[in-house]
Amino acid sequence: MIKLIAIDIDDTLLNSQNKITTQTKEALQKALQMGIKVVLCSGRPLAGVNPYLKELGISGDEQYVITYNGALVETVSGNIISKNVLDNDSYRKIASYATVNHMPYYVLDDDSNVYTSDHEVNRFAVIQAWENSAGVLIRTPDELDDDFEITKAAIVGEKEQLDQFEQPVKDQFSKDYYVVRAGGNFLEIMHQDVNKGSGLKKLAQALKISPDEIMALGDEQNDIPMFKFAGTAVAMGNGSDLAKSYADYVTDTNDNDGIAKILAKKVF
């Protein structure tokens with residue numbers, strides 16, 4: 001019996017118009033009415049997830065959210081269950097590497113604020129800030145406190161740019177950090193113990209829910225760790241081939257109510 005449904009947001013919960021379809025919303029609200037935990041699991045911070053929590057009617061200290069790809073596990077009210085961030089030294093290393101190698105980047109703190117030292121701010125940093133209802137703060141590491149910490153860093157750009165950046169960044173940082181291509185335009189660097197799977201595991205332990213009682217839905221590389229942990233892993237029809245290769249089931253696309261269809265088959 002499924003007691004918790006973990007759902008990626010971009011290209012999974014949201015369709016290609018960045019909307020939750022009516023069928024998907026109704027299916028998830030039915031799951032909530034049945035007492036099933038519906039947990040949004042995203043690379044976004046809480047501020048970027050809140051609009052969808054409100055739309056689905058998910059609120060309070062008895063409902064949960066996994067943000068920053070697992071760096072923070074918290075109640076929807078904002079009470080933290082677990083937190084893994086990068087220290088100031090790590091922030092400086094990443095910022096320096098990105099600057100020297102002319103890679104557009106930004107970092108996030110645990111209050112959803114976006115920082116970069118790039119004076120020509122990349123549009124994907126602007127998009128991230130807009131999703132967070134925040135601005136972009138242009139600061140060098142020396143302009144911030146010596147104890148300034150980040151939840152994650154993101155190297156960003158057009159897909160063709162990131163295709164060239166991906167391997168050098170992984171070669172530089174994968175030994176000490178978790179580096180993952182979170183989508184065509186985002187290459188993210190986080191604490192080595194952080195991923196959606198580890199975040200989901202910590203939440204499951206806190207709620208005393210076993211992996212067999214969890215369904216995870218996603219579409220990209222950063223969803224694979226939670227696919228590995230959950231008893232039922234579901235890739236969206238629009239997902240990457242790599243994500244699909246780790247899934248137990250492949251449902252329809254995000255534009256064709258893939259979430260509603262798999263819940264009707266496997267949960268209701």
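Every value quoted in this text rests on a predicted model; they were computed, and no experiment measured them. Counting begins at 1 with the first residue of the sequence.
Residues satisfying the salt bridge (charged side-chain N to carboxylate O under 4.0 Å, His left out) test with Asp89, not counting sequence neighbours, are Lys93. In terms of the side-chain hydrogen bond (donor to acceptor under 3.5 Å, both in side chains) criterion, residue partners of Ser90 (sequence neighbours excluded) are, by chain and number, Asp87, Tyr177. For Tyr105, the ring pair (Phe, Tyr, Trp, His ring centres under 6.0 Å) test picks out no residue, with sequence neighbours left out. Annotation: salt bridge (charged side-chain N to carboxylate O under 4.0 Å, His left out) contacts of Asp145 (sequence neighbours excluded): none. Contacts of Lys202 classified as salt bridge (charged side-chain N to carboxylate O under 4.0 Å, His left out), with partners at least two apart in sequence or in another chain: none. In terms of the salt bridge (charged side-chain N to carboxylate O under 4.0 Å, His left out) criterion, Asp109 has no residue partners (sequence neighbours excluded). Evaluation of the ring pair (Phe, Tyr, Trp, His ring centres under 6.0 Å) rule for Tyr52 yields no partner, not counting sequence neighbours.
Pairs of residues two or more places apart, or lying in two chains, that qualify as salt bridge (Lys or Arg N to Asp or Glu O under 4.0 Å) and include a residue from residues 172-188 are Lys152-Glu188, Asp163-Arg181, Glu166-Arg181. Screening residues 15-42 for ring pair (Phe, Tyr, Trp, His ring centres under 6.0 Å) gives no qualifying pairs among residues at least two apart or on separate chains. Residue pairs meeting the ring pair (Phe, Tyr, Trp, His ring centres under 6.0 Å) criterion with at least one member in residues 189-235, sequence neighbours excluded, do not occur.
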Side-chain donor-acceptor distances from residues 203-217 under 3.5 Å, at least two apart:
| unit_1 | atom_1 | unit_2 | atom_2 | d |
| --- | --- | --- | --- | --- |
| Ser210 | OG | Glu213 | OE1 | 3.3 |
| Glu213 | OE1 | Ser210 | N | 3.0 |
| Glu213 | OE2 | Lys3 | NZ | 3.1 |

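When hydrophobic side chains of Ile, Leu, Val, Met, Phe, Trp and Tyr are connected at separations under 4.5 Å, Met1 ends up as a singleton with no cluster partners.
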